[in-house]
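Right, one structure below, let's go through it.
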Protein chains: 2
Amino acid sequence: MAAPTEPRACSIARTLEVVGEKWALLAVREVFLGNRRFDEMVRRTGAPRDTLTARLRTLVDSGVLQRRRYSDHPQRFEYHLTAAGRELYPVVLTLLRWGDEHLAGPDGPPLILEHDCGHRLIPEVSCQACGEVVEPADVTRRFPMSS
Amino acid sequence: MAAPTEPRACSIARTLEVVGEKWALLAVREVFLGNRRFDEMVRRTGAPRDTLTARLRTLVDSGVLQRRRYSDHPQRFEYHLTAAGRELYPVVLTLLRWGDEHLAGPDGPPLILEHDCGHRLIPEVSCQACGEVVEPADVTRRFPMSS
DNA sequence: GCGGTCAGTCCAGAATCTGGACGGACTCAT
DNA sequence: ATGAGTCCGTCCAGATTCTGGACTGACCGC
């Protein structure tokens, strides 16, 4: 028998299980932008209603969003970010930056963000310990991992 | 006629069109980890061969990976990151961190990275201009965008 | 009452993903 | 020179998922 080598246990894979389905991160994006209602999300993302229904359900189930009633008589709900959901902000920002740099049209990026420091926000990934910007070459695995 | 409101033009959506399909980012992860060959990626990711074939093709077509021949007689190829591909590192790191924090089992994160500064790498997103860690509350849209 | 908004559900067809088997072109050990 | 093993796919049919269009039900404002 050859070595089938288990698929790697990996936080990236696990994260993608939660937010990697189509439309999931776009729904999260809308909530970050302040659009918390179903119809608005459908319009802004372009997702099919059924798909968005399913996505919102799994995001709520996995603790990224919270479904909050804002009207009783016609039952109406809004989706809010949980603490875990808010921590997806770095993911959203890095995806945004990559698209800005590699897929922008002639008009430039369609959405410009401004940081409270007064400058246009260009997100970078840095090391918490030393504050330096992280490059692939500066990173090694602490445990090279068997095989 | 109501306002159907076009789906938002958005760099996040565009990025996800390239790397948002199932397995795409796991293939990229493997290349970052140094596994550049087809069979190795199949084993390490768990993706079906057909799916991986398709994913690698779109990643090559969209300029994230480069398919490089490393053997002639039995034609054999390796997949290398392009410059654009290497710039996905921040995306990969932020996904990794979220998984580490929210989906790790009792043994802790399955993969520990070390930064050249000597400490365990905990990736953060910071503002290029001021270096501060970015929080959702510190960011505004520069052009609130019509409608 | 009539039209509009909101948050979905229902459904059937389209697109995608999946795993298992198969192929060709090698290499290496026996 | 066989036979086993590796490597990189392809082929296919069945399962899963996505898709869009229509529909519901409860409101609101005029």
Side-chain angles (χ1 to χ4, degrees), chain A residues 1-7 13 16-28 30-31 33-62 65-80 147, chain B residues 1-7 13 16-28 30-31 33-62 65-80 147:
Chain A
M1 174 187 10
T5 312
E6 292 289 295
L16 290 172
E17 224 135 290
V18 174
V19 297
E21 287 168 300
K22 204 167 179 186
W23 304 113
L25 278 171
L26 295 187
V28 171
E30 285 310 309
V31 183
L33 291 172
N35 299 314
R36 315 198 151 79
R37 317 284 247 205
F38 186 84
D39 265 34
E40 189 69 9
M41 291 191 212
V42 166
R43 274 193 297 275
R44 298 294 195 163
T45 61
R49 311 177 72 79
D50 259 27
T51 307
L52 188 65
T53 302
R55 248 10 120 241
L56 290 173
R57 217 188 299 280
T58 75
L59 289 171
V60 168
D61 289 351
S62 49
L65 298 180
Q66 192 204 351
R67 193 167 180 253
R68 213 181 278 177
R69 184 191 283 104
Y70 73 91
S71 152
D72 267 329
H73 286 326
Q75 283 217 331
R76 288 299 146 74
F77 299 91
E78 282 180 336
Y79 296 88
H80 288 255
S147 129
Chain B
M1 166 183 23
T5 311
E6 293 288 297
L16 290 173
E17 226 136 289
V18 174
V19 296
E21 288 169 300
K22 203 168 178 185
W23 306 113
L25 278 171
L26 294 188
V28 170
E30 284 309 310
V31 182
L33 291 174
N35 298 314
R36 317 199 147 79
R37 323 275 248 212
F38 186 84
D39 264 34
E40 189 70 7
M41 292 191 212
V42 166
R43 272 193 296 276
R44 297 294 194 162
T45 61
R49 311 178 72 78
D50 258 27
T51 308
L52 189 64
T53 303
R55 246 13 117 242
L56 290 172
R57 218 190 298 278
T58 76
L59 288 171
V60 168
D61 289 352
S62 49
L65 297 179
Q66 193 203 351
R67 191 165 181 257
R68 214 181 277 176
R69 182 191 285 103
Y70 73 91
S71 153
D72 268 328
H73 287 325
Q75 282 217 332
R76 288 296 145 78
F77 300 92
E78 282 179 336
Y79 297 87
H80 288 257
S147 126

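No hydrogens, no waters, no symmetry mates; every other heavy atom, side chains included, goes into these values. First the proteins, then the strands, lettered A, B, ... as listed; each starts at 1.
Note that CZ of B:Arg55 is 10.0 Å distant from NZ of B:Lys22, once rounded to the nearest 0.5 Å. Taking OG1 of B:Thr45 as the start and CG of B:Leu25 as the end, the distance is 12.0 Å to the nearest 0.5 Å.
Note: CH2 (B:Trp23) to P (C:dT16) measures 18 Å, nearest angstrom. Nucleotide C:dA7 holds its P atom 9 Å from the CZ atom of A:Arg43, rounded to whole Å. Between the CG atom of A:Asp39 and the P atom of C:dG8 there is a distance of 9 Å, rounded to whole Å. In this structure, the CD atom of B:Glu21 is 15 Å from the P atom of C:dA15, given to the nearest Å. When rounded to the nearest whole Å, the span between CG of A:Leu52 and C1' of D:dG20 equals 14 Å. At whole-Å resolution of the value, NZ in A:Lys22 and P in C:dA15 are 12 Å apart. Atom OH in B:Tyr70 sits about 7 Å away from atom P in D:dC7, given to the nearest Å. The interatomic distance linking B:Arg49 (CZ) with C:dG19 (C1') rounds to 11 Å, in whole Å.
A cation-pi arrangement is absent between B:Arg36 and B:Tyr70 under the rule of less than 6.0 angstrom and at most 45 degrees off the ring axis.
In this model, the phosphate group of D:dC8 is not approached by any side-chain N or O of B:Tyr79 to a distance below 4.0 Å at OP1 or OP2. Contact check, B:Thr51 against C:dT18: a side-chain N or O comes under 4.0 Å of OP1 or OP2. Residue A:Arg67 has a polar side-chain atom (N or O) positioned under 4.0 Å from OP1 or OP2 of C:dG8. Here B:Arg76 does not reach the OP1 or OP2 of C:dG24: none of its side-chain N or O atoms lies under 4.0 Å away. Side-chain nitrogen and oxygen atoms of A:Arg55 include at least one within less than 4.0 Å of the OP1 or OP2 phosphate oxygen of D:dC18. Residue B:Arg36 places none of its side-chain N or O atoms closer than 4.0 Å to OP1 or OP2 of D:dC8.
Each of B:Arg68, B:Arg37, B:Arg69, B:Arg67 was compared with B:Glu78 under the salt bridge (Lys or Arg N to Asp or Glu O under 4.0 Å) criterion, and only B:Arg37 meets it.
For B:Asp50 and D:dC12, a side-chain-to-base donor-acceptor distance below 3.5 Å is present, hydrogens and geometry of angles not being considered. With hydrogens and angles ignored, no donor-acceptor pair closer than 3.5 Å exists between the side chain of A:Arg37 and the base of C:dC6.
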Could you walk me through whether A:Phe38 and A:Arg49 pass the side-chain contact (heavy atoms from CB on, under 4.5 Å) test, one step at a time?
CA-CA 8 Å; A:Phe38 186 84; A:Arg49 311 177 72 79; 3.6 Å; yes

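Picking from D:dT10, D:dC27, C:dG19 the nucleotide with the shortest atom distance to the side chain of B:Arg57 gives D:dT10.
Residue A:Arg69 is out of contact with every strand shown, counting any heavy-atom pair closer than 4.0 Å.
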